[in-house]
Structures are given as structure tokens and as C-alpha cells.
Amino acid sequence: MNLFVPQQFRQKFPLITRYAKYSTDKSQSKSSIVYFDNAATTQKPEQVIACQQRYYGEYNANVHRASHQLSTNATFAFEKARTLVQKFIGANSIKEIIWTKGTTESINLVVQSLARNTLTSADEIVLCASEHHANIVPWQIVAEQTGAVIKILPLNEQGFIDVSNLDEFISKKTKFVACAHISNVLGRINPIKAVIAKAKSVGAISLIDGAQAVAHIAVDVRALDCDFYVFSAHKMYGPTGIGVLYGKQALLENMPPYQGGGEMIKTVSFTQTTTFNSLPFKFEAGTPNIAAVIGFGESITFLAPLLADIQKGYNLYEQKMVNHCYQELAKIAQVNFIVEGIPDIGVIAFTIAGHHNHDVATSLDASGIAIRSGHHCAMPLMAHLNIDGCLRVSLAAYNTIEEIDYFINCLREVLLEDFSQAGVQVELQQKNHAKTEQLINLRTKEMKDIITLFTTVKGWDSRHREIMLLGKNLPRMEQALRNEQTIITGCESLAWLKVEQTRQGVYFFSADSDAKIIRGLLVIVLAAFNHKTAEQIHNFDIKEYFNQLGLIQHLSPSRGNGLLAIVDKIKLLAKE
Ligand code: PLP
């Protein structure tokens with residue numbers, strides 16, 4: 001038995017070791033990354049990367065179609081991966097393993113091939129309150145198509161699916177029950193066996209979203225007795241763009257194809273009915289993502305032994321990190337956990353009193369710490385919890401206790417800084433940002449002031465501080481003005497924009513957001529557009545401006561899109 005050795009495991013991940021030089025001395029931490037966004041996607045071990053490269057460099061060919069040697073080699077590796085997945089989840093046969101793009105496509109396949117063809121307006125679909133959008137929206141689409149009704153299983157206080165009253169939600173009317181094995185926000189292992197058994201007892205079909213489970217717990221689909229189980233390779237050290245639909249053979253046999261094309265047919269004719277290939281190929285139209293499948297096989301080879309033998313210590317190590325992280329966070333007075341109690345896997349969600357989630361996440365990013373803020377593709381859960389978003393730390397077995405301590409220290413520093421609504425300006429900021437302090441009238445701040453400011457500060461860390469300070473000084477809009485008319489849609493956080501126009505046709509905009517980082521960006525954007533005519537506004541090149549400020553490469557696509565949404569609204573309001 002090879003015991004799990006955290007440091008050796010960590011060394012297997014090139015991206016992790018490449019950016020591993022983090023330090024509590026901030027001046028040395030510029031190019032380091034502490035990656036705590038593993039629930040979104042994990043990093044890849046060298047053997048997975050190399051395996052895909054070997055395919056492209058040594059035996060790249062299409063699968064199943066040709067009789068030449070390269071194709072035989074590619075097909076062999078491709079199908080070997082399917083067998084590895086079959087064994088990994090304890091499926092009966094490789095016929096039950098369908099390649100898809102990932103969890104999302106797997107759910108859509110079941111919904112459109114099976115649910116759409118069987119549901120009626122008398123039927124019900126049961127989901128859970130904490131589902132990821134991937135396990136909500138496809139069902140909403142099919143409910144719209146068929147008239148079926150969606151019912152929601154509630155959560156208990158600790159964030160688990162409440163199974164105390166399943167009879168109330170799952171009845172003879174229920175045709176499908178779909179829920180996550182582990183929520184991507186709550187990190188709880190749901191009592192899915194009880195849910196599956198209840199679904200079975202009323203003749204309903206069960207689908208389990210295993211996206212967050214497969215990297216952390218051993219899954220046995222036969223023991224669970226679910227009808228479908230879906231997951232993605234990229235969350236279990238494998239490549240992106242590949243995932244699995246496991247389905248019981250008898251169900252899959254009776255389902256029509258999801259997509260048509262090459263490989264999924266037996267015969268095609270213009271005069272006779274086209275006939276379809278056998279399982280699993282019936283559901284795999286077109287050239288598959290061959291390199292990703294082969295890489296996925298390698299990630300299973302990598303992960304399976306760690307999960308199969310609990311004595312090795314992989315799970316113990318993960319749990320040790322979760323406990324440590326949770327306990328250290330719990331010592332910070334402003335931290336509010338989304339649900340109380342140590343999660344079952346390394347997914348810890350929380351908010352921070354007096355601080356906007358995006359401000360905290362971007363401040364930590366400036367120290368090289370990657371955590372997530374937002375709704376985590378679980379908007380109904382956020383609504384249920386009465387919050388508009390939260391922060392999420394998600395750990396993997398290549399993370400370390402030292403990284404957690406570094407994160408906690410940085411978080412404490414962020415909370416000490418005067419980015420909070422009620423905070424006190426720290427000496428450091430006063431020293432570094434005297435320039436910003438001189439810029440008093442932010443509502444009429446000049447573009448040249450902004451350009452001067454940003455060309456004198458270097459590095460994202462300093463620029464981020466300046467943006468936060470600009471945001472801190474932006475006057476708040478009156479509460480009554482923050483309404484449906486002024487809201488900017490498409491922005492990552494809530495943001496509002498108001499316009500006034502002088503008799504000379506010059507525009508003046510004021511804006512606000514509940515995130516300080518967005519308020520800072522608004523100051524920068526408004527400086528470019530205020531006191532301009534409609535023509536000047538429409539002719540202004542905002543991307544060039546952001547380039548000049550050295551900001552464009554630091555704006556995430558979602559925040560970048562949010563800024564573009566602000567600019568679009570400004571242009572819409574400035575009528576030529
Ligand atoms: N379900 C859960 C619980 C998830 O966490 C995710 C991704 O974060 C998904 C579904 C969607 O996975 P993918 O984007 O790989 O299809």
C-alpha cells in the first residue's frame with residue numbers, strides 16, 4: 001500500500017509547483033498563486049498532461065473509423081478509458097458509459113432524450129433547493145415544453161437535503177427526481193440513497209449530479225441504485241470538455257438518440273429508415289474529444305487508487321485541511337458561514353459582515369489567492385438563504401495547511417484595511433495613496449487625473465488598491481435612486497447609473513454599486529464619459545483607455561463584461 005504523502009502529491013501538479021513561492025512577506029508573493037477554486041475546476045497532474053500530449057504526438061487519429069494502425073491505437077486508448085470509468089463507478093457494462101462534454105451536457109441528454117418524450121402536464125419533476133443551474137435550467141426547459149411541474153425538496157438547517165418528509169414531495173405524480181450528490185456551495189454529502197429509494201418506490205427515475213462528489217468520495221452506482229449518474233472530468237484532475245453520463249442499460253436502450261451524425265448510426269438510407277448504433281455509440285454523434293477521453297482515463301488511473309483505499313490517507317488529509325480552514329475562519333468575528341458546521345468536503349462558503357464578497361475576493365487576488373465570489377451558479381440557493389452571493393474556498397489535496405494560514409492572514413489584513421464601510425484608514429494606505437486623497441471631487445474627476453494616477457502606480461496589487469480607494473471615496477447614491485430605472489443589468493454586482501444633461505447637450509453621469517471594486521471602476525469609467533457630448537461619448541474608445549491604465553488584462557471576463565454593460569448603458573442614455 002502506497003501511503004498518501006501530501007508533499008509528493010503536490011509535486012505532481014506543474015501549475016501548482018510553478019506558482020508555489022507564496023510567502024507571508026507580501027513583497028515576495030507577486031507571482032505566486034494559492035489556488036482555492038478547485039470546485040470550479042482542479043489543476044491537472046503531469047501524467048494527465050503528458051498523456052494527452054503523447055496522443056497528439058504519437059498516435060493521433062480518429063477513433064472507430066479506420067483500419068490503419070494509428071486509428072487502432074487511438075481507439076484502444078479511447079475505449080480503455082471507458083472501461084476505467086466503468087470500473088471507477090462500479091457500472092455493470094461499458095454500454096452504460098456515454099461520453100459527453102460534461103455534467104451539463106449529460107443532464108441535457110437525459111432531459112431531452114428521455115424526459116421530453118415521456119413527461120406530460122400531469123407529471124412532476126423533483127429537484128433540490130441547492131442545485132447548480134446545470135441541474136435546474138434543463139428541467140425548467142422541459143417543464144416548459146411538456147407542461148410538467150417542478151417541485152423543490154427543502155434543505156435542513158445543516159444544508160443537507162431534508163429527507164424527513166419525502167412523501168410530501170415525491171409521489172405517484174413524480175416522474176423524475178434529480179439532485180446533487182454534493183452541493184457545490186454547501187459541501188454536504190446529501191442522503192441521496194434515501195432520495196433514490198423513495199424515487200424508486202413511486203416508479204420515478206433518479207438522476208444524481210455527481211460533479212462535486214467524484215474527486216472526493218468513492219462512488220458505486222450499483223450500490224446507490226440510481227438510474228443516471230453524471231459528472232465532469234475537469235473537476236477530478238482530468239481534462240476539460242469531457243464528462244460522463246452513466247445510465248442503466250435498460251433505460252438507455254429505450255431512449256432515442258440525442259444528436260444525429262456519424263458514428264451513432266448502423267445504416268443510413270434515403271429510401272429506408274435510418275438505424276442506430278448500439279450502446280454506448282448511439283449517443284455519441286460525431287468525432288468525440290479523443291485527447292480528453294484519453295487524458296480522462298489517465299486521471300482515473302491517478303485518482304482511483306487514492307479513493308479506493310481509505311487507509312492511504314487521501315481523504316484524511318483533505319478532511320484535515322477542511323477542519324483547519326473552517327476553524328481558522330470561525331475565529332474571524334466578521335465571518336458568517338452559509339451553514340454552520342464543518343463541511344464534508346473542502347467546500348466552505350461564507351460572507352463577511354460589512355464587506356462585499358467581490359471586494360474581498362479581488363483584494364485576496366491581489367495577494368495571489370484565488371477564491372470565488374458570487375452566486376456560484378446556484379441563484380435559487382442564494383435566494384433561499386436570503387443573500388445575493390457569498391465567498392467560497394474550495395480545497396484539493398495538493399493544497400497545504402501553510403496555504404490556508406497564508407489565506408487567513410491575508411484575509412485578516414483585508415478586513416483591517418479601510419475598504420469596509422466602517423473601517424479606519426490604515427497608515428500604509430495614507431502613505432501610499434496621498435495622491436488619491438488629493439483628488440477630492442470624484443464626481444467630476446478628470447480623465448487625465450486617472451491616467452496620471454495609474455501610470456505612476458505599477459503592478460496589479462497597487463492598481464487594485466487605487467481602484468478600491470477610488471471606490472471608497474465615490475459618494476453613495478441616494479437609496480431612492482437605486483431602483484429599477486437606474487440598475488445596470490449584466491454587471492457582476494448590483495450597480496446603478498443616473499444621467500443628467502445640460503442645456504448645452506453635455507452629459508453628466510453618477511453611479512453607484514454595492515461592491516467597492518465596482519465603485520472604483522465606475523469612477524474610472526465616469527471620468528472618461530462625464531462632461532462630454534453624445535458624439536464624444538459614442539466615439540470614445542473605452543478599451544484603449546483601459547489598456548492605457550494597465551487594467552484590461554486584470555479584469556475577469558465577467559467583470560470586463562460588467563464594465564462593457566456599464567459603457568453600453570452610458571451610450572444608450574447619451575442619445576445622439
Ligand atoms: N453540478 C455541480 C454540482 C457543479 O458544481 C457543476 C460545476 O461547477 C456542474 C454541475 C456543471 O459542471 P460542468 O460545467 O462541468 O458541466
Side-chain angles (χ1 to χ4, degrees), residues 35-44 85 89 98-112 127-141 152-153 155 159-161 177-190 192 195 206-217 219 224 226 228-246 258 288-289 292-293 295-296 299-300 338-339 343-349 370-382 384 389-396 557-558:
Y35 186 72
F36 283 173
D37 194 16
N38 294 288
T41 197
T42 56
Q43 300 304 335
K44 320 303 171 200
V85 170
I89 58 168
I98 316 287
W99 299 128
T100 63
K101 276 193 299 189
T103 308
T104 305
E105 192 180 46
S106 299
I107 297 170
N108 277 283
L109 192 163
V110 174
V111 166
Q112 286 304 314
L127 310 176
C128 165
S130 54
E131 291 314 306
H132 187 282
H133 296 164
N135 200 25
I136 299 174
V137 184
W139 297 107
Q140 289 176 326
I141 291 172
I152 305 299
L153 283 175
L155 300 172
F160 296 96
I161 296 177
V177 178
C179 61
H181 202 160
I182 303 181
S183 147
N184 62 312
V185 181
L186 304 170
R188 302 282 195 251
I189 302 176
N190 277 318
I192 54 164
V195 178
S206 55
L207 179 147
I208 303 301
D209 171 356
Q212 293 298 337
V214 277
H216 305 287
I217 56 175
V219 170
L224 288 173
C226 54
F228 296 103
Y229 196 95
V230 298
F231 54 105
S232 305
H234 70 96
K235 294 183 196 285
M236 48 192 293
Y237 312 123
T240 51
I242 191 72
V244 170
L245 165 65
Y246 157 80
Y258 173 53
N289 192 344
V293 166
F296 188 12
S299 69
I300 301 271
I338 295 309
V339 285
D344 297 324
I345 63 161
V347 169
I348 308 177
I371 70 164
R372 271 295 267 280
S373 76
H375 53 62
H376 311 286
C377 294
M379 284 170 110
L381 175 64
M382 299 297 125
H384 169 76
C390 59
L391 294 159
R392 181 185 72 185
V393 167
S394 54
L395 306 168
S558 54

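From a predicted model like this one, the values you see are computed outputs, not experimental measurements. Each ligand, and each atom within it, is numbered from 1 in the order the structure gives.
At a heavy-atom distance under 4.0 Å, only side-chain atoms of A211, from C-beta outward, approach ligand 1.
A salt bridge is absent between D344 and R188; no separation between the charged side-chain nitrogens and carboxylate oxygens falls under 4.0 Å.
Heavy atoms of H133 come nearer than 4.0 angstrom to ligand 1 in no pair at all. Residue-ligand proximity: H376 is placed with every non-hydrogen atom at 4.0 Å or more from ligand 1.
Among protein heavy atoms, the minimum distance from atom 16 (O) of ligand 1 is reached at T104 OG1, 2.5 Å. Counting only heavy atoms of the protein, atom 12 (O) of ligand 1 lies nearest to T103 CB, 3.6 Å. Here the protein heavy atom with the shortest distance to atom 1 (N) of ligand 1 is D209 OD2, 2.5 Å. Atom 4 (C) of ligand 1 has as its closest protein heavy atom H132 CD2, 3.3 Å.
Not a single donor-acceptor pair under 3.5 Å links the side chain of D209 to the backbone N or O of H132. A donor-acceptor contact shorter than 3.5 Å is absent between the side chain of H234 and the backbone of S232. At least one donor-acceptor pair under 3.5 Å links the side chain of N38 to the backbone N or O of S394. Remark: side-chain polar atoms of T42 are paired, donor with acceptor, to backbone N or O of Y237 under 3.5 angstrom.
Of the options Q212, H234, K235, the smallest heavy-atom separation from atom 5 (O) of ligand 1 is shown by Q212.
Every N/O-N/O distance between E105 and ligand 1 stays at or above 3.5 Å.
Taking the six-membered ring where tryptophan is involved, the planes of H375 and H133 are tilted, since the angle between them lies from 30° to 60°.
Across every non-hydrogen atom of V185 and A378, the tightest pair is CG2-CB, 4.1 Å.
Of all the atoms in ligand 1, the ones that sit under 4.0 Å from a non-hydrogen atom of S232 are 12 (O), 13 (P), 15 (O), 16 (O).
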